[in-house]
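Presented below is the structure to which this report refers.
For this chain, numbers begin at 1 and follow the sequence in order. Both counts, for ligands and for their atoms, begin at 1 and track the order of listing. Keep in mind that what you see is a predicted model, and the values were worked out from it rather than measured.
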Amino acid sequence: MRYSHSRIELYKNCPKAFSYKYIEKPKIEEKKGIEAFLGSMVHKALEKLYTDLRFSRLDTLDDILDYYTSEWDSNFDLTIEIVREGYSKENYKEMGKRFITDYYKKYYPFDQGKTIGLEMEINLRLLDESSNPYDLLGYIDRLTMVSEDFFEIHDYKTNSHTKTQEEIEKDWQLALYTIAVKRMYPSVKKVELVWHFLDSGLEMRTTKSDKELELLGREVIASIKQIERSIKTGDFPTKESSLCNWCSFKEICPLKSHLFMLKKLPENEYLNEEGVRLVQRYLELTKQKKELSDTIDPELEKVKLALLNYAKLHNSERVYGSFGDSILVKEYINYILPEKGTRERVVFEKILKDNKLWDSVAEVNSFLFSKAVSERVIDAETLMLLEKLISKSKTPRFYPSSKK
Ligand code: SF4
């Protein structure tokens, strides 16, 4: 498979959505969110602006807005979905006009650099430590030459979130393109990454050192290996987030399909549907259980304390009730270890290791291991090695959520 930033990000956001889109490919009409449509129309308009500039034609703002409007009108179709309630197609269209107008006024007459490429295809091959190749495909919105050894990679963002500098530093899409640009133009010593957040009008910049790029390359390869492991094992878990609202596969996704099935039922049948009844019963019983323990627990705690005091007072470890019933009363010491990352913890662990006690107190914990696997902390290769040595079982867990 050929990888790209968007494919890898889709996997990170939801492995199941990745599987639907690139592996399972169910016959479902993929809807496009209006946000993505707006983005592509604004990108087209700015591409035209800079293409015409290369032919020494400086478009007026009206030229660009007319072009945007006609592209919008001829490309808009009914597969484009508006998820946010209360906003219309016209609202989004106007937003795009505002983005273009603000951008145009800010950068006019667009002489901040020489355009080298627009919507430029980037093919990047990364090699792992065994020289296995990983091919990535990407597109640079605009590549600009400031001087012979100084290029800029420009990216237009049309969503409403303006990233913070910290988020910019973590963003890896443009950083990855830096590697490709440096390979394509070896004379280039400096590549600056420039984000244009069109909603706020803010321009943000950063650069990446060769060391950071090397590290990034390794992280990207690790992400790809993680995907390839999922492809091999068929393990593509669902990951619920606000992005589900924009997901084309929500009607068949195991996390959402029941809801869509219910939406199709008439109301009287809805309440009798087996799943609905089971959920209602589960919630009633857990509520009753909680009410019962709310009543019983405080008294139980009082009895426990009284029993402990009694046992201490009478120097008894086992206290007897009627008919030979008894309760063993024991106190155990709980050691609270120094927190991870503190100097005390380092010294604590060193003493254990120096005294060859580490193996007897440090235990691989099945809970922590499962957590590390589900959070993808363990890289794909290591996990494949470990999986040869372990067996798995499944434990059902129930997480009720209520809108009340
Ligand atoms: S609806 Fe949500 S959980 Fe399901 S596939 Fe789409 S993004 Fe993933």
Legend entry - Distance-only side-chain donor-acceptor flag, Trp172 / Glu212, under 3.5 Å: no
Legend entry - Environment of atom 2 (Fe) of ligand 1 in terms of protein N/O/S atoms, cut-off under 2.8 Å: Cys244 SG
Inset, instruction - Can you sort out the partners of Asn355 under side-chain hydrogen bond (donor to acceptor under 3.5 Å, both in side chains), two or more places apart, ordered by chain and number? - result: none
Legend entry - Glu169 and Thr206 side chains, donor-acceptor separation under 3.5 Å: yes
Inset, instruction - For Tyr185, check ring pair (Phe, Tyr, Trp, His ring centres under 6.0 Å) against everything at least two apart and list the hits. - result: Phe151
Inset, instruction - May I ask you to check whether Glu203 and Tyr107 show a side-chain donor-acceptor distance below 3.5 Å? - result: yes
Legend entry - Inter- and intrachain pairs under ring-ring contact (aromatic ring centres under 6.0 Å, His included), touching residues 7-28, at least two apart: Tyr11-Phe18, Phe18-Tyr22, Tyr20-Phe249
